[in-house]
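Structure first, commentary second.
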Amino acid sequence: MIPIWIVAALATATCFAVSGMLAYDAARALGATVFSFARMALVAIGAGALVLIFGLDTQMGGDDVALLCASGVMGVFLSDTLRYASLARVGPQFQSLLNTAAAPFALLLGFLVLNQTVSALSLIGTAMIIAGLVAAATARSATGVTRFSGNAAGLTSGIGFGLGAAFTQAGSVLIAAPVMAKGIDPLSATFVRSVAGTLSLLLPVLMSAPHRSQIRQMTRPVAKQVALSALVGTGLGMSLQLYALASGPVGIVTTLSATT
């Protein structure tokens with residue numbers, strides 16, 4: 001029987017893939033910072049409501065909250081902002097490929113920082129997944145280009161932002177892994193991470209008049225895309241990823257989550 005953490009990691013990838021398609025137009029309309037802030041604020045509100053109903057995990061200590069907050073800041077303020085900056089430039093197809101770089105980053109960081117051992121079979125499997133995704137992306141013909149293929153003029157910066165997002169995402173997952181390994185409730189962890197991420201973006205948004213104007217002038221279709229992306233990608237996807245981290249090694253969970 002397939003371990004449930006593997007199913008959760010693959011479900012995470014599915015959520016991220018759907019979320020990327022939903023987020024594309026909204027990220028281009030709002031910009032990476034405003035989009036990330038609006039998206040994460042909705043997740044924080046939703047997770048907070050569920051925590052009020054089901055209760056906050058009492059196992060979490062001060063150190064656990066601190067690590068989850070650090071993970072949230074790195075995963076939202078840095079990784080998500082870089083990801084959506086990349087998404088707006090290269091589109092969800094190529095951005096998904098760039099996101100697979102989080103897998104080798106996580107394997108390396110897990111080995112160096114957490115002293116996790118990775119079997120030869122796991123390394124081979126990771127290499128096969130990454131090679132397959134690279135082959136699929138590079139084999140696309142010009143006739144297959146769609147409105148989701150991004151803008152060729154922003155390719156270089158989009159690649160840079162995408163690789164930066166992958167590295168900070170791997171670091172974010174690495175920070176949260178020891179906390180989740182204790183059996184902390186994923187919903188409570190999602191709430192703490194989302195609040196920390198939202199607060200980390202609040203100051204940049206409030207200090208920028210253009211950012212405040214973008215929020216006030218947000219159209220209903222864009223707001224709907226932000227809400228759906230938040231529900232599917234950050235809310236459900238992030239919770240599933242944290243659940244997978246409770247049982248699976250960081251590198252393998254990240255690899256499976258990157259098969260968007």
Side-chain angles (χ1 to χ4, degrees), residues 16 19-20 22-49 51 62 65-92 95 98-99 102 150-151 153-176 189-235 237-238:
F16 287 170
S19 176
L22 292 171
Y24 181 54
D25 290 333
R28 296 182 70 182
L30 298 175
T33 301
V34 173
F35 177 79
S36 294
F37 171 74
R39 189 174 186 258
M40 191 54 59
L42 289 174
V43 173
I45 292 171
V51 164
V65 172
L67 285 173
L68 288 172
C69 286
S71 174
V73 171
M74 180 172 284
V76 177
F77 181 71
L78 294 177
S79 183
D80 277 5
T81 302
L82 290 171
R83 178 180 298 109
Y84 295 118
S86 174
L87 176 68
R89 289 165 173 79
V90 302
Q95 205 288 316
L98 294 172
N99 195 51
N151 183 358
L155 183 62
T156 301
S157 60
I159 291 175
F161 287 137
L163 291 176
F167 180 78
T168 50
Q169 172 64 22
S172 171
V173 172
L174 185 79
I175 293 172
T190 297
F191 172 66
V192 173
R193 290 184 80 231
S194 60
V195 169
T198 302
L199 293 177
S200 69
L201 288 167
L202 182 60
L203 188 60
V205 170
L206 291 179
M207 292 184 65
S208 171
H211 287 166
R212 296 196 301 271
S213 177
Q214 285 175 319
I215 292 178
R216 288 194 300 268
Q217 297 175 8
M218 189 186 305
T219 63
R220 182 174 295 181
V222 169
K224 183 179 179 180
Q225 289 175 333
V226 172
L228 289 173
S229 175
L231 175 64
V232 175
T234 310
M238 188 165 66

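These numbers come from the heavy atoms of this one structure, side chains and all, not from hydrogens, waters or symmetry mates. Keep in mind that this is a model prediction, so the values were computed, not measured.
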Q. So, for R39 and G233, which heavy atoms are closest and what is the spacing to 0.1 Å?
A. NH2-CA, 3.6 Å
Q) Is there a donor-acceptor contact under 3.5 Å from the side chain of S79 to the main chain of T168? A) no
Q: Taking all heavy atoms of L42 and all of A227, pick out the closest pair and write down the distance.
A: CD1-CA, 3.7 Å
Q: Could you grab the distance from atom NZ of K224 to atom OG1 of T219, nearest 0.5 Å is fine?
A: 12.0 Å
**Q.** S208 side-chain N/O to P204 backbone N/O, donor-acceptor pair under 3.5 Å
**A.** no
Q: Check for a donor-acceptor pair, side chain of R212 on one end and backbone N or O of L206 on the other, with a separation under 3.5 Å.
A: yes
Q | For Q214 against V34, the heavy-atom pair lying closest together | A | OE1-CG2, 3.2 Å
(Q) Taking G197's backbone N and O only, do any of them form a donor-acceptor pair with S200's side chain (distance below 3.5 Å, no angle check)? (A) yes
Q: Name all pairs fulfilling the side chain to side chain donor-acceptor pair (under 3.5 Å) condition that reach into residues 66-76, sequence neighbours left out, sorted by first residue then second.
A: S71-S172, S71-R193
**Q.** Over all atoms of both residues, closest heavy-atom pair of A27 and L87
**A.** CB-CD2, 4.3 Å
Q. Sequence neighbours excluded, which residues qualify as side chain to side chain contact (heavy atoms under 4.5 Å, CB included) partners of R220?
A. none
Q: Kindly say whether F191 contributes a backbone atom to a donor-acceptor pair with the side chain of S194 at under 3.5 angstrom?
A: yes
Q. Roughly how far, to the nearest 0.5 Å, is CZ of R83 from CG of L98?
A. 11.0 Å
Q.
Just verifying a value: how many Å separate L78 CG and S36 OG, rounded to the nearest 0.5 Å?
A. 10.5 Å
Q: Quick one: closest heavy-atom pair of G171 and M74, and the distance?
A: C-SD, 3.5 Å
**Q.** Interatomic distance, F77 atom CZ to L199 atom CG [nearest 0.5 angstrom]
**A.** 12.0 Å
Q) Is a side-chain donor or acceptor of S229 paired with a backbone partner of Q225 at a separation under 3.5 angstrom? A) no
Q) If you round to the nearest 0.5 Å, how far is CZ of F35 from CE of M40? A) 10.0 Å
Q. Looking at A44 and T198, what are the two nearest heavy atoms and their distance?
A. CB-OG1, 3.9 Å
